[in-house]
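These values consider heavy atoms only, across backbone and side chains, with no hydrogens, waters or symmetry-generated copies. Count residues from 1 along the sequence.
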Amino acid sequence: MHTVLTCSLHGETYAIDRLQNLSAAGKPLLAGYDLAAIKSTFTPDVVRQRNERSMWKFWEVLPVASAADAISLGEGVTPLLQCERRGEFSDYSQLYIKDESFNPTGSFKARGMSAAVTRAVALGAKAFALPSAGNAGGAAAYYSAKAGLPCYVFMPEDTPEANIDEAVVAGANVFIVNGLISDCGKLTRQACERFGWFDLSTLKEPFRLEGKKTMGYELAFDMAAASGSSSLTLPDVIFYPTGGGTGLIGMWKAFDEMQQLGWIGSERPRMVAVQAEGCAPIVKAFRDGVESAPLFPNAHTVASGLRVPAAVGDFLMIRCLRESRGTAVTVTDAELMQGVREIAARQGIYACPEGGAVWAAAKQLTATGWLKPDERIVLFNTGTGLKYNHLLKAEGLPRLDHTSANVMDEIAKRV
């Protein structure tokens, strides 16, 4: 069980026995653990021997007293898939995709919602609310349903229909807002204050981060298995599609915890934040050499998970990039959608547009020489492309008359 909540900016501590959102400074709260106390009993070998088929195999560094306390749908333990060396991928000898589409709600959002809902229910939450332009709303709806509590989701009007339908089917109360995710956030905050709902917004409560950090723990085990070693190891470079950035911050936190536990040394991957050209507040701040990222004007991109014009954890993301000697890059919508097609056609993975974005960014940084094709590289595909079918509709397909004597000739034209 976590032992302390700390303001990520000023360091003051907050009570762990009550529901908490942001610190007094309006910054995220970070959960801390007595790692020294569990170091001898929480070891890689212990984790490997557990039968738990979810991220809760790491329960000692999650907000529960035991794995049995979790509100879980089997999230986490997603595959790390080595890319086949063909086509555009031919030059990369150690390129991997961590495929988060295997999560229960089809994206990495399931990890964070499992942890957040678990802790909030334990502390007495009676209803949940959040803004969402995509997968978070659906994940919140399903974990709320698992907990037997109502969920209220505020979604921009350009949210993909699949994400809206997903949340509605789970019984969530969905409101469509004529604005951006930031406008939905304002309504969420006002509604929580008026109706007493608990705000599950990205980084505005402490535990979605804790669920997302399990990607970092898993990655160390994944890389060890890929190398045929029992010693945990990390890749050289991680490419992460960055909207709210919870996973980026969470993995960086996980690496620090693993070092304190004695699982790894001081080595760290270079972290790469990938954003869309039409919504790139973190990239701009990183390039400008500043610590915070102002609201990005006129935010637009087909990758709804990247359409986050302002993030409460901006300074934490930028700090992570600089400490890791990483970088931040943008890709166009055309490039990220081409990335989706290339990953599907060459690797057999139907990635979401955000997943396509990280592959496009990897190619970009390879071309500049920043990334070497023989490095150990992990791309995060954060969700399934099935929720974005509206962006990839097939057109101009041949129509066959199965009764025609010439049907094989028609097929031959396409062979």
Side-chain angles (χ1 to χ4, degrees), residues 80-100 215-216 219 223 226 233-243 245 247-249 251-252 255 267-289 293 296 301-303 305-306 308 314 317-347 349 351-382:
L80 182 72
L81 304 171
Q82 184 163 11
C83 290
E84 302 293 337
R85 300 184 69 176
R86 59 170 70 103
E88 301 82 3
F89 297 82
S90 296
D91 292 338
Y92 297 87
S93 59
Q94 298 183 86
L95 179 65
Y96 300 87
I97 295 175
K98 180 71 167 166
D99 193 357
E100 290 292 295
M215 294 188 296
L219 194 54
M223 293 300 295
T233 186
L234 300 175
D236 298 313
V237 188
I238 292 175
F239 283 79
Y240 190 80
T242 306
L248 188 76
I249 300 164
M251 283 191 286
W252 198 244
F255 301 153
E267 71 281 0
R268 295 290 186 274
R270 306 198 309 278
M271 308 295 281
V272 181
V274 181
Q275 297 196 299
E277 193 175 76
C279 185
I282 302 303
V283 177
K284 184 178 186 305
F286 180 80
R287 290 175 177 173
D288 289 347
F296 196 89
T301 173
V302 297
L306 300 181
V308 180
D314 53 358
M317 284 184 268
I318 293 166
R319 184 183 302 169
C320 163
L321 298 178
R322 295 204 172 113
E323 288 178 355
S324 72
R325 299 175 295 108
T327 191
V329 297
T330 62
V331 297
T332 66
D333 279 1
E335 289 170 335
L336 64 86
M337 292 308 298
Q338 181 61 27
V340 171
R341 293 182 175 89
E342 289 175 0
I343 293 172
R346 303 298 188 188
Q347 304 302 330
I349 298 170
C352 60
E354 296 82 2
V358 293
W359 167 232
K363 290 189 293 181
Q364 181 188 131
L365 290 180
T366 301
T368 66
W370 189 91
L371 183 69
K372 307 300 181 186
D374 60 351
E375 292 188 277
R376 295 173 302 159
I377 305 160
V378 173
L379 312 177
F380 269 84
N381 173 43
T382 49

Assess the side chains of T301 and D333: does a donor N or O sit below 3.5 Å from an acceptor N or O?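 Yes, D333 and T301 have a side-chain donor paired with an acceptor closer than 3.5 Å.
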
Testing the 3.5 Å rule here: is there a donor-acceptor pair between the side chains of E323 and W252?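 There is such a pair (donor and acceptor under 3.5 Å, judged by atom type) between the side chains of E323 and W252.
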
[X] to [Y] - nearest heavy-atom pair and separation:
{"X": "P353", "Y": "V340", "result": "CA-CG2, 3.7 Å"}
{"X": "A362", "Y": "L371", "result": "O-CD2, 3.6 Å"}
{"X": "D314", "Y": "A293", "result": "OD2-N, 2.9 Å"}
{"X": "L306", "Y": "A357", "result": "CD1-CB, 4.2 Å"}

Could you tell me whether the side chain of [X] and the main chain of [Y] form a donor-acceptor pair under 3.5 Å?
{"X": "T332", "Y": "E335", "result": "yes"}
{"X": "R376", "Y": "L234", "result": "yes"}
{"X": "R86", "Y": "R346", "result": "yes"}
{"X": "Y92", "Y": "C83", "result": "no"}
{"X": "Q347", "Y": "E84", "result": "yes"}
{"X": "E354", "Y": "P241", "result": "no"}

If you measure from the Lys or Arg side-chain nitrogens to the Asp or Glu carboxylate oxygens, is any gap between K363 and E342 under 4.0 Å?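 Salt bridge flag = yes for E342 with K363.
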
Quick check for you: to the nearest 0.5 Å, what is the distance between [X] atom [atom1] and [Y] atom [atom2]?
{"X": "L336", "Y": "R341", "atom1": "CG", "atom2": "CZ", "answer": "10.0 Å"}
{"X": "I97", "Y": "F380", "atom1": "CD1", "atom2": "CZ", "answer": "11.5 Å"}
{"X": "L95", "Y": "F239", "atom1": "CG", "atom2": "CZ", "answer": "9.0 Å"}
{"X": "R319", "Y": "I249", "atom1": "CZ", "atom2": "CD1", "answer": "9.5 Å"}

With a 4.5 Å cut-off on side-chain heavy atoms, are [Y] and [X] touching?
{"X": "N381", "Y": "V358", "value": "no"}
{"X": "D91", "Y": "T366", "value": "no"}
{"X": "Y96", "Y": "L219", "value": "no"}

What pairs of residues pass the side-chain hydrogen bond (donor to acceptor under 3.5 Å, both in side chains) test when at least one of them lies in residues 269-282, not counting sequence neighbours?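 Pairs touching residues 269-282 that pass the test: R270-E375.
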
Which side-chain N or O atoms in residues 279-289 pair as donor and acceptor under 3.5 Å with protein atoms at least two apart or in another chain?
residue : atom : partner : partner atom : Å
K284    : NZ   : D288    : OD2          : 2.8

Under the criterion side chain to side chain contact (heavy atoms under 4.5 Å, CB included), I'd like the reasoning laid out for W370 against V237: C-alpha separation, chi angles, the key distance, then a yes or no. CA-CA 11 Å; W370 189 91; V237 188; 4.0 Å; yes

So among I238, L81, V378, which one has a side-chain contact (heavy atoms from CB on, under 4.5 Å) with K98?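 The residue from I238, L81, V378 that satisfies side-chain contact (heavy atoms from CB on, under 4.5 Å) with K98 turns out to be V378.
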
Check the pair Q94 / I377 against side chain to side chain contact (heavy atoms under 4.5 Å, CB included), numbers first and verdict last. CA-CA 6 Å; Q94 298 183 86; I377 305 160; over 6 Å; no

